[in-house]
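Worksheet for the structure shown next.
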Amino acid sequence: QVQLAESGGGSVQTGGSLRLSCAAPGYPARSDSWGWFRLVPGKEREGVAALFSSGATYYTDSVKGRFTISRDNAKNVVDLQMNSLKPEDTAMYYCAKMNRNTWPLRRSDVQYWGQGTQVTVSS
């Protein structure tokens, strides 16, 4: 079992920025496919962004132009830069190692999950 380690969550005001990072010891970030999901209590877990092994990136409509998924090969991490944050972005964010390159992201395609990191955006 691989444990993905997330960091970077926190509380910001509307319009602020946060950068989430996901480390997967033993799995080169550059050669695998990754996703970020978020979960709001009472709602389905939502696929937010994907970075596939081909280098292709995908975003759910509500974050396009504000979020950027990328990988830092030197650090072997996958990041999610979140700008212009809104209260509706408040959620628990989960990093995921994907075993298929399918968009929209599907929970059934997740090979490993991170433990989650809370993002709270206040108005």
Side-chain angles (χ1 to χ4, degrees):
Q1 183 72 19
V2 174
Q3 184 65 51
L4 305 183
E6 297 144 338
S7 59
S11 298
V12 295
Q13 293 188 325
T14 297
S17 297
L18 285 172
R19 189 176 186 89
L20 307 183
S21 288
C22 175
Y27 280 87
R30 63 180 175 273
S31 63
D32 287 311
S33 296
W34 305 90
W36 285 94
F37 291 77
R38 64 186 179 188
L39 179 63
V40 176
K43 294 187 177 181
E44 290 287 323
R45 193 173 299 204
E46 174 188 29
V48 174
L51 173 56
F52 294 145
S53 52
S54 63
T57 58
Y58 297 87
Y59 301 92
T60 194
D61 286 345
S62 63
V63 307
K64 283 180 181 177
R66 300 188 298 120
F67 289 14
T68 303
I69 187 171
S70 63
R71 42 177 148 234
D72 185 328
N73 293 335
K75 297 180 180 179
N76 200 35
V77 298
V78 177
D79 293 334
L80 184 68
Q81 177 67 41
M82 305 185 296
N83 299 327
S84 302
L85 283 162
K86 305 175 181 180
E88 50 264 42
D89 295 318
T90 295
M92 184 73 80
Y93 284 73
Y94 296 87
C95 173
K97 183 181 177 302
M98 312 302 295
N99 59 20
R100 289 181 186 270
N101 295 349
T102 302
W103 181 263
L105 294 176
R106 302 180 301 192
R107 286 180 291 172
S108 58
D109 293 334
V110 174
Q111 185 176 8
Y112 300 115
W113 289 102
Q115 80 283 359
T117 186
Q118 179 67 38
V119 171
T120 303
V121 185
S122 57
S123 57

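Basis for what follows: all heavy atoms, side chains included, without hydrogens, waters or symmetry-related copies. Predicted model, so just to flag it, every value in this text is computed and none were measured.
- Here the CE atom belonging to M98 is positioned 11.5 Å from the OG atom belonging to S53, to the nearest 0.5 angstrom.
- Residue L51 is grouped with residue M82 when hydrophobic side chains (ILVMFWY) are merged at heavy-atom distances under 4.5 angstrom, including chains of intermediate members.
- Clustering ILVMFWY residues whenever any of their side-chain heavy atoms sit less than 4.5 angstrom apart, transitively, puts W34 in a cluster other than the one holding L105.
- Rounded to the nearest 0.5 angstrom, L80 CG and E6 CD are separated by 10.5 Å.
- With 3.5 Å as the limit, one finds a donor-acceptor pair spanning the side chains of Q81 and N83.
- The CH2 atom of W36 sits 7.5 Å away from the CG atom of D79 when rounded to the nearest 0.5 Å.
- Inter-residue side-chain proximity for F67 and L85 is flagged as met; some heavy-atom pair is nearer than 4.5 Å.
- Not one N or O on the side chain of R100 forms a donor-acceptor pair closer than 3.5 Å with the backbone of S108.
- By the 4.0 Å N-to-carboxylate-O rule, K86 lies too far from D89 to be salt-bridged with it.
- Here the two rings, on F37 and W113, have centers that are under 6.0 Å apart.
- Not one N or O on the side chain of Y58 forms a donor-acceptor pair closer than 3.5 Å with the backbone of T102.
- The side-chain heavy atoms of R38 and V63, taken from C-beta on, include a pair separated by under 4.5 Å.
- Summarising the geometry, atom OG belonging to S21 is positioned 11.5 Å from atom CG belonging to N76; distances are rounded to the nearest 0.5 Å.
- Residues R107 and E44 are paired through a salt bridge, judged by an N-O separation under 4.0 Å between the basic side chain and the carboxylate.
- Going from atom OH of Y93 over to atom CG of L39 covers 11.0 Å, rounded to the nearest 0.5 Å.
- The shortest heavy-atom contact between V77 and A23 is CG1-CB, 3.9 Å.
- With hydrogens and angles ignored, the 3.5 Å screen pairs no side-chain donor or acceptor of T57 with any backbone N or O of A50.
- For the pair Q115 and Q3, the minimum side-chain heavy-atom distance is below 4.5 Å.
- Looking at T60 and P104, their side chains never come closer than 4.5 Å, going by heavy atoms from C-beta outward.
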* Apply side chain to side chain contact (heavy atoms under 4.5 Å, CB included) to Q111 and S33, showing your working. => CA-CA 10 Å; Q111 185 176 8; S33 296; over 6 Å; no
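- A96 and V110 get closest at one heavy-atom pair: CB-CG1, 3.7 Å.
- More than 12 heavy atoms of other residues, nucleotides or ligands shown are found within 6.0 angstrom of CD on Q118.
- Judged by distance alone, with hydrogens and angles left aside, the side-chain atoms of T90 form a donor-acceptor pair with the main-chain N or O of V121 at under 3.5 Å.
- Under a hydrophobic-cluster definition in which Ile, Leu, Val, Met, Phe, Trp and Tyr are linked whenever side-chain heavy atoms come within less than 4.5 Å, directly or via other members, L4 and L18 are assigned to the same cluster.
- With values rounded to the nearest 0.5 angstrom, I69 atom CD1 is found 6.5 Å from Y59 atom OH.
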